[in-house]
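Below, read A as the first sequence line, B as the second, and so on, with proteins coming before strands; counting in each chain starts at 1. Computed from a predicted model, the values in this text were never measured in an experiment.
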There are 2 protein chains.
Amino acid sequence: MENALRDAGVRITRQRRLLVQVLAEADDHPDANALHRRAHANDPKVSLATVYRTLSVLEEAGVIDRHAFEGKPARFETSDRPHHDHLIDLETGAVIEFRSEKIERLQAEIAAELGYDIVHHRLELYARKQG
Amino acid sequence: MENALRDAGVRITRQRRLLVQVLAEADDHPDANALHRRAHANDPKVSLATVYRTLSVLEEAGVIDRHAFEGKPARFETSDRPHHDHLIDLETGAVIEFRSEKIERLQAEIAAELGYDIVHHRLELYARKQG
DNA sequence: CCATTGTTGCAAATAATTCTCAACTGCATT
DNA sequence: AATGCAGTTGAGAATTATTTGCAACAATGG
């Protein structure tokens, strides 16, 4: 991942290397604060401002994704996994990932009809188990 | 709409009546600040805090919908209109409504395949004008 | 018309994120 | 290995969106 950054012309600093590592090790979807806490454990000198700045840089470079769930703080994950959307089970809160080529295509068509190119999208299905 | 509120046990105050009116007249998707500005024009005494409080009350009563688009402040619209999804212009922040029967159908199919019935969903396209 | 209870305005509090600026550090070059 | 400089950092102040505490006020039932 570090190489990908270097190639994108991003200067590799101690704190950036640390954050990349923390993100790579995360199997959840931490927010900026959680990342700061984790990085801080390894290097108490890393500041929250730098976490925010670095997250923007990494997002810009395309190595992480930023997810904005309702009102809540933004959460991040490495973008090495394939794109997917989410179905949320309203009773259990479980999150099921899915992907539909057809929907992706339709979205692009709709945007094109309106004169737009999609940069990214958000699709969440809130559902209940069939009776 | 006022009756719907009364039925929901919501006390009708001068400022609530005004905000309901402003919302009913809005054909865009204003945020709390914009609503405050518009209400303020009619009654300079209405405060921003009350706008926020009233919006929560109206949402609770089910007469308006709150949309939390990425990072940006929440935006509102009356919920008396037929269902639609949103395309957000990343440059101007403009919100364009659209509806696709095909996507609706596909969503239902996907949910069904996973053993679910959709209760509601959220689809947002973040896009940029075609060059 | 009065009492009760909910509502408002104001200002201060919170929460998430960005910015300012002086000190510091990658890294290309010598 | 030393040097220059543009990019980066830390600390805290600033900003933006929203919520809250509290005393004054007003809507509805009786």
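In summary, E101(A) and R99(A) engage in a salt bridge, as defined by a charged side-chain N under 4.0 Å from a carboxylate O. Ion pairing of E77(B) with R81(B) is present here, as a side-chain N (NZ or NE/NH1/NH2) and a carboxylate O approach within less than 4.0 Å. One finds no salt bridge joining D31(B) and R38(B) here, because no Lys/Arg side-chain nitrogen approaches an Asp/Glu carboxylate oxygen to under 4.0 Å.
Counting to the nearest Å, the C1' atom of dT18(D) and the NE2 atom of H36(B) are 14 Å from each other. Rounded to an integer number of Å, the gap from CD of E2(B) to P of dA27(D) is 12 Å. In this structure, L55(B) atom CG and dA17(D) atom P are separated by 14 Å, rounded to whole Å. The CD atom of E59(A) sits 12 Å away from the P atom of dT17(C) (whole-angstrom rounding). One interatomic measurement links the two molecules: CG of D43(B) to P of dC25(D), which rounds to 16 Å at whole-angstrom precision. Here the C1' atom of nucleotide dT18(D) and the CG atom of L35(B) are 14 Å apart, to the nearest Å. In this structure, the CZ atom of F69(B) is 21 Å from the P atom of dT16(D), given to the nearest Å. The interatomic distance linking R16(B) (CZ) with dG9(C) (C1') rounds to 14 Å, in whole Å.
In the displayed structure, E97(B) atom CD is contacted under 6.0 Å by more than 12 heavy atoms of other residues, nucleotides or ligands. Atom CD of E2(A) has more than 12 heavy atoms from other residues, nucleotides or ligands within 6.0 Å.
Each of N33(B) and T50(A) was matched to the nucleotide of DNA chain D holding its nearest heavy atom; the match closer to the 5' end belongs to T50(A).
Within the helix from dC1(C)-dG30(D) to dT30(C)-dA1(D), the inter-axis angle between the opening and closing five-pair segments is 40°, rounded to 10°.
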Would you give a per-nucleotide map of nucleotides 21-30 of chain C, 5' to 3', where B means the base has a protein non-hydrogen atom under 4.0 Å away, S means only the sugar-phosphate does, and - means neither? ----BBS---
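Residues Q107(B) and L123(B) form a side-chain contact, since some pair of their non-hydrogen atoms from C-beta on lies under 4.5 Å apart. Taking the side chain as every heavy atom from C-beta outward, D65(A) and F76(A) never approach each other to under 4.5 Å.
With distances taken from any side-chain atom of Y52(A) to the nucleotides dT17(C), dT8(C), dT9(D), the minimum falls on dT17(C). Closest to the side chain of A49(A), out of dT9(D), dT18(D), dG12(D), is dG12(D).
Using a 4.5 Å cut-off between side-chain heavy atoms of Ile, Leu, Val, Met, Phe, Trp and Tyr, with links allowed through other members, I12(B) and V20(B) fall into the same hydrophobic cluster.
Nucleic acid contact for K72(B): none, since no nucleic acid atom lies under 4.0 Å from a heavy atom of the residue.
Between T92(B) and the options I88(B), V95(B), L90(B), D89(B), a side-chain contact (heavy atoms from CB on, under 4.5 Å) holds for only D89(B).
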